[in-house]
Amino acid sequence: MSDEKKRILVTRSSMPPYEEFAEMIRPLWDSAWLTNMGELHKSLERKLAEYLKTKHLLLFVNGHSALEMAVQALGLSGEVITTPFSFASTTHAIVRNGCTPVFADIREEDYTLDPDRVEELITEKTTAILPVHVYGNLCQVERLEEIAKKHHLKVLYDAAHAFGVEKNGRGAVTYGDAAMLSFHATKVYHTIEGGAVAFQDPAFTQVLKDLKNFGITDEEHVQYVGGNAKMNEFQAAMGLCNLRHVDEEIEKRRKVCERYREHLEGVPGLKLRTSQPGVKENYAYFPVVFDGFKKNRDEVKAALEAEGIGSRKYFYPLINDYECYRDRYSSKDTPVAKYMADRVLTLPLFASLELEDVDRICRIILS
Ligand SMILES: *Cc1c(COP(=O)(O)O)cnc(C)c1O
């Protein structure tokens, strides 16, 4: 196959050097301790809390379980205000806990929940806000905190996209009552599958630890209706290896994003993500909004596909248009989110993406 026709997927998992991973898992053959909070698990928990600048952090088998259990640990009930411009997980975690999602619209600037729309939707049944740091863009954290304080609501962030993001040196995951992280294979940082809940109040430590282990408190006490969401030692080993390289990986992503910008910035009909003041970015995604470009989003996606290049309508469809929700909700109620979902395309972005491939992808888009 010639280089010009090389297939490029929208993402590709970061892999640590094989020898490093082999070295990391070798002790498991002596200890035969494979899961249930082993040595690698403990070590990763400590190192991640430090890296992400959070007081407390607990690991989970995946991000979705972490989010479901965070909703449960915070004791949410009634209505939870959230965004339809996210991955299925965000709303499902609310519904699977017996709560009712209420969809507020997003901001055009950064695709995150619009605090003004949130405030309009608060009723006496509202117990929490569940915003998403979309593409690593930080939500309006101060405004949301203000609103939550005023109305006595909890704030639980879906920070699946915000690994390593900071605002003026403060870790993104330290905002709100708790924040969920995903370490899925496709994310900036991964543990194959994996996730975490970060929080600042030690009161949540025991309940979250128990929830991921069937609600078992000790040998003779089962205090909560928990599940099984423990991260195993092989996942933790992958996480420890990847953590050593994540800064270099993010730097490589930055270079890829810069190259995209060189080609696409200022092109009429294309809108790129804008940086937020004081925010350290993680270059998780490269979304482009096609509005008034010579081709629409779907035509560009098809043109890339024809050349063997993957891209993703992320997020499309909106959650309030899903088959399982659309009888009770409508994307007409969230027009900005609808506008974005119909026009946004995320381009291939991973640390090992060659800059020449970025050039080629841009040539296809612009021709
Ligand atoms: C990836 C993702 C999740 C789910 O995380 P998993 O680790 O795959 O369970 C939730 N929300 C958002 C916004 C995500 O991107």
Side-chain angles (χ1 to χ4, degrees), residues 10-14 44 48 52 57-72 80-97 101 103-104 106 110-113 128-139 155-165 172-173 175-176 178-198 208 211-212 227-232 234-236 238-239 242 253 273 281-287 312-320 322 325 337 340-341 344 346 349-350:
V10 69
T11 185
R12 185 180 164 88
S13 297
S14 294
L44 182 62
L48 276 176
L52 298 167
L57 177 141
L58 292 171
L59 296 171
F60 285 78
V61 69
N62 57 52
H64 181 74
S65 299
L67 190 59
E68 278 197 8
M69 290 180 181
V71 170
Q72 191 177 352
V80 177
I81 300 176
T82 190
T83 168
F85 193 72
S86 185
F87 186 57
S89 172
T90 315
T91 297
H92 287 352
I94 296 170
V95 176
R96 289 169 60 84
N97 270 285
F103 294 108
I106 59 172
D110 55 21
Y111 322 93
T112 68
L113 211 45
I129 311 171
L130 207 172
V132 181
H133 299 303
V134 180
Y135 308 135
N137 289 338
L138 213 62
C139 294
V155 183
L156 168 57
Y157 282 101
D158 178 335
H161 290 187
F163 184 91
V165 170
V173 298
Y175 291 96
M180 168 275 256
L181 286 148
S182 164
F183 309 139
H184 183 258
T186 57
K187 311 278 158 134
V188 169
Y189 166 82
H190 77 87
T191 61
I192 310 172
E193 293 261 9
V197 179
L208 275 168
L211 281 175
K212 66 171 161 173
N228 180 3
K230 305 181 298 289
M231 177 181 279
N232 70 52
F234 286 78
Q235 292 174 286
M238 182 60 97
N242 280 337
R253 285 173 169 271
R273 206 185 138 246
E281 305 185 24
N282 66 0
Y283 307 96
Y285 300 91
F286 199 89
R312 198 167 165 204
K313 296 194 249 178
Y314 195 61
F315 300 102
Y316 176 91
L318 289 179
I319 297 175
N320 44 12
Y322 285 5
Y325 295 127
M340 291 300 173
V344 74
T346 60
L349 175 53
F350 43 92

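Note that the structure is a prediction, hence the values are computed from the model and not measured. Counting starts at 1 for both ligands and their atoms, in listed order.
The residues E281 and R273 are annotated as salt-bridged, a charged nitrogen and a carboxylate oxygen being separated by less than 4.0 angstrom.
Near H64, the atoms of ligand 1 lying under 4.0 angstrom from a non-hydrogen atom of the residue are 5 (O), 6 (P), 9 (O). Within ligand 1, counting atoms from 1 as listed, the ones closer than 4.0 Å to a heavy atom of G63 are 5 (O), 6 (P), 7 (O), 9 (O). Within the listing of ligand 1, atoms 15 (O) sit less than 4.0 angstrom from a heavy atom of Y314. Here is the list of ligand 1 atoms found below 4.0 Å of a heavy atom in G194: 7 (O). In the vicinity of S86, heavy-atom distances shorter than 4.0 Å reach the ligand 1 atoms 13 (C).
Each of T90, V155, T82 was compared with P131 under the side chain to side chain contact (heavy atoms under 4.5 Å, CB included) criterion, and only V155 meets it. When the options Y189, Y111, Y314 are evaluated for a ring-ring contact (aromatic ring centres under 6.0 Å, His included) with H161, the one that passes is Y314.
Remark: ligand 1 and S182 share an N or O pair separated by less than 3.5 Å (distance only, no angle test). Inclusion of K187 in the set of residues having an N or O under 3.5 Å from an N or O of ligand 1 is warranted.
Closest to atom 13 (C) of ligand 1 among all protein heavy atoms lies D158 OD2, 3.5 Å.
For E193, the heavy-atom gap to ligand 1 stays at 4.0 angstrom or more. Note on ligand 1: A88 sits outside its first shell, no heavy atom being nearer than 4.0 Å.
Ring-plane geometry between H133 and Y157 is classed as parallel, the angle between the planes falling under 30 degrees on a 0 to 90 degree scale with a further cut at 60.
Judged by distance alone, with hydrogens and angles left aside, the side-chain atoms of E68 form no donor-acceptor pair with the main-chain N or O of N97 at under 3.5 Å.
A side-chain donor-acceptor contact under 3.5 Å links K230 and N228. Side-chain N/O atoms of N137 and T112 include no donor and acceptor closer than 3.5 Å.
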